[in-house]
Protein chains: 2
Amino acid sequence: MRILLADDDDQLQRALRITLAARGYEVVAARDGAEAIDLAANAHPDLILLDLGMPKVDGLDVIRAVRAWSKVPILVLSGRTDSAEKVDALDAGADDYVTKPFAMDELLARIRARARSTSGEADAAAYAIGSLTVDLAAKTIRSTDATGHATSVRLTPTEWRLLELFLKNPGKLLTRQMLLSEVWGPFHANDAGYLRLYVAQLRRKLEPTPSEPRFFLTEPGMGYRFEPGAIEATGA
Amino acid sequence: MRILLADDDDQLQRALRITLAARGYEVVAARDGAEAIDLAANAHPDLILLDLGMPKVDGLDVIRAVRAWSKVPILVLSGRTDSAEKVDALDAGADDYVTKPFAMDELLARIRARARSTSGEADAAAYAIGSLTVDLAAKTIRSTDATGHATSVRLTPTEWRLLELFLKNPGKLLTRQMLLSEVWGPFHANDAGYLRLYVAQLRRKLEPTPSEPRFFLTEPGMGYRFEPGAIEATGA
DNA sequence: GCCGATCCTCACGGACCCCTAACGCCTCCT
DNA sequence: AGGAGGCGTTAGGGGTCCGTGAGGATCGGC
């Protein structure tokens, strides 16, 4: 669980960083709006804690910029208490709004509530790719072949992000745009070369016969598709 | 958008009901915890506005009961401002917590935020062409024949664009001009040859008997028509 | 400061999709 | 009945996209 902490108040940022780290969260810090947008795109946070009163880019614009490509939960912190600002932030795409000063345990509870709503995909589920068993939470892949010989497959972080998208959308077509935005950030939506490379890596590591993919299928001109079961293709 | 309003305060309930109805929400009201649980199960609300201080069943138990089977957003209203109660409600499964008295426009904004987070799901509109099932979002066409053997049909990007137009205009006549400009752009409105080719492709891949089209019908001199159901031709 | 792993760049061969062209059949008009 | 136009079908070429390999750049750990 990675949290992007965007706040220009040194004291508050240090306090939050310590508290969040103690709860097991990984914290990435930004000091202004531009940095917040950049890190939201490249650091892959699972939640964003955003102070509205930061320099360089207005807080509302940060929300709108992030919402243009991502659905990551955004929790706004602000010293302003007037409801007009709350309404603007929420309607721009924020998911929650907490006014300073706030009780730390309430903030943590609201973070848990937001985290709960996104991880609802039953993460304990084990996915199967042929004879391989994938555990997304533990980041492990084990093989249970006939010999009882247990072998494990190692994936790099980028490969995991890509595989996660495939596993969570079984049978669905994933366009190049969607895959590139999710894995490499919205500013690399045209670098199709990345995809070719990493899909090839996944196939080499996970497909029984990498040259004849059974699970990671190419849809020419559109994108890729993860096909968990065996389905015969008809129609020529 | 249906909202379950669970509050035992007559005055507040009336005010909220009027305000919500004016915004286009459908309101279902409950006066105590037991009724709230019952309506949450049977009225299928899209969001629950829950007052914690209701008789019969404790508010926290209402949250836990609903969360036992449903992920519907729960927005808690409460007069208590101590953070311990907020933490308990949020950790029990509530998605947001507003303390009374509150600004009405803020509450409405928070309702919109919660509604936004759930609206994206379950839009897998499935179309049927004979024994085939088409999912436009996932770009899949599946058929389960009598043997239970699952087969899939693959379409090219251009074929998908054309099929999408047909499916979204069932029974309606689509002129060549309209089809050509939608699929190939307004500069190819005269290249009728494209259409002949790709309609033939769709028929070959989707029609049970391509030489005798049942779904993709030709309207001579005008264009094509997609007929979803089995229609008996009457009249001379 | 060295080393390994990971990520990205670049180029080439091949597959697939889209479009062009031509031919046979049908319907409608004259 | 003859001719014309529209529609369906087939085959083939050009161009774009995809797969693959090697090599350099960058980051973190020891």
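Computed from heavy atoms alone, side chains included, the values below leave out hydrogens, waters and symmetry copies. Residue numbers begin at 1 in each chain, while the letters A, B, ... track the order of the sequences.
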Q: Would you indicate, yes or no, if dG8(D) has its OP1 or OP2 atom less than 4.0 angstrom from a side-chain nitrogen or oxygen of Thr218(B)?
A: yes
Q: Taking OP1 and OP2 of dC7(C), is either one under 4.0 Å from a side-chain nitrogen or oxygen of Tyr198(A)?
A: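 Yes, Tyr198(A) has a side-chain N/O under 4.0 Å of OP1/OP2 on dC7(C).
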Q: Can you tell me the distance, in whole Å, between the CD atom of Glu219(B) and the C1' atom of dG6(D)?
A: 14 Å
Q: So if I take every side-chain heavy atom of Ala200(A) and compare against dA5(C), dC18(D), dT20(D), which nucleotide ends up nearest?
A: dT20(D)
Q: May I ask you to say what Gly221(B) touches in the nucleic acid, namely base, sugar-phosphate or nothing, with a heavy-atom cut-off under 4.0 Å?
A: sugar-phosphate
Q: Run the ring-centre check on Tyr224(A) versus Phe216(A) and record whether the distance is less than 6.0 Å.
A: no
Q: Do Glu159(A) and Lys205(A) sit within salt-bridge range, that is, some charged N less than 4.0 Å from a carboxylate O?
A: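 Between Lys205(A) and Glu159(A) there is a salt bridge, with a charged N closer than 4.0 Å to a carboxylate O.
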Q: Are any of Ser211(A)'s side-chain N or O atoms less than 4.0 Å away from OP1 or OP2 of dG19(D)?
A: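 Answer is no, no contact under 4.0 Å.
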Q: Please evaluate residues Thr218(A) and Arg203(A) with respect to the criterion side chain to side chain donor-acceptor pair (under 3.5 Å), reporting the C-alpha separation (whole Å), side-chain torsions for both, the decisive distance (0.1 Å), and the verdict.
A: CA-CA 11 Å; Thr218(A) 302; Arg203(A) 291 212 258 241; 3.2 Å; yes
Q: With no hydrogens and no angle check, just 3.5 Å: does a side-chain donor-acceptor pair link Ser83(B) and Asp105(A)?
A: yes
Q: For Phe216(B) and dG8(D), give me the distance from atom CZ to atom C1', rounded to whole Å.
A: 16 Å
Q: Distance check needed: dC18(D) C1' versus Arg204(A) CZ, whole Å only.
A: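 Atom CZ in Arg204(A) sits about 15 Å away from atom C1' in dC18(D).
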Q: When you get a sec, tell me which of dT9(C), dA5(C), dC19(C) is the closest nucleotide to the side chain of Arg154(A)?
A: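 For the Arg154(A) side chain, the nearest candidate turns out to be dA5(C).
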Q: Return the value, rounded to whole Å, for the distance between atom CG of Asn42(A) and atom P of dC27(D).
A: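 About 13 Å, once rounded to whole Å.
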Q: In whole Å, what is the span from the CD atom of Gln201(B) to the P atom of dT10(D)?
A: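 Spelled out: CD on Gln201(B) to P on dT10(D) is 10 Å.
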Q: Out of dC19(C), dG19(D), dC8(C), which has the shortest distance to the side chain of Trp184(A)?
A: dC8(C)
Q: When the distance from CG of Leu162(A) to P of dC8(C) is rounded to whole Å, what number comes out?
A: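 Spelled out: CG on Leu162(A) to P on dC8(C) is 12 Å.
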Q: For the pair Thr158(A) and Tyr198(A), evaluate side chain to side chain donor-acceptor pair (under 3.5 Å) and give the outcome as yes or no after the intermediate values.
A: CA-CA 8 Å; Thr158(A) 305; Tyr198(A) 280 89; 4.5 Å; no
Q: Using whole Å, report how far OH of Tyr194(B) lies from C1' of dC19(C).
A: 6 Å
Q: Can you figure out which of dC7(D), dT6(C), dT20(D) approaches the side chain of Arg176(B) most closely?
A: dC7(D)
Q: With a 4.0 Å cutoff (strictly under), does any side-chain N or O of Tyr224(B) reach OP1 or OP2 of dC7(D)?
A: no
Q: If you only use heavy atoms from C-beta on, which nucleotide in dC17(C), dT9(D), dC7(C) is closest to the side chain of Arg196(B)?
A: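 Of dC17(C), dT9(D), dC7(C), dT9(D) is nearest to the side chain of Arg196(B).
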Q: What's the closest nucleotide to the side chain of Pro157(A) if the choices are dT6(C), dC16(C), dG19(D)?
A: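 Comparing dT6(C), dC16(C), dG19(D) against the side chain of Pro157(A), the answer is dT6(C).
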Q: So, does Thr158(A) get its side chain near the phosphate of dC7(C), meaning an N or O under 4.0 Å from OP1 or OP2?
A: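 Indeed, a polar side-chain atom of Thr158(A) lies that close.
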Q: How long is the line joining CG of Leu195(A) and P of dC17(D), in whole Å?
A: 14 Å
Q: Report the nucleotide, chosen from dC19(C), dC17(C), dT20(D), that has the shortest atom-to-atom distance to any side-chain atom of Thr156(B).
A: dC17(C)
Q: Is the shortest distance from a Lys or Arg side-chain nitrogen in Arg110(B) or Asp96(B) to a carboxylate oxygen in the other one below 4.0 Å?
A: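 Judged by the 4.0 Å cut-off on N to carboxylate O distance, Arg110(B) and Asp96(B) do form a salt bridge.
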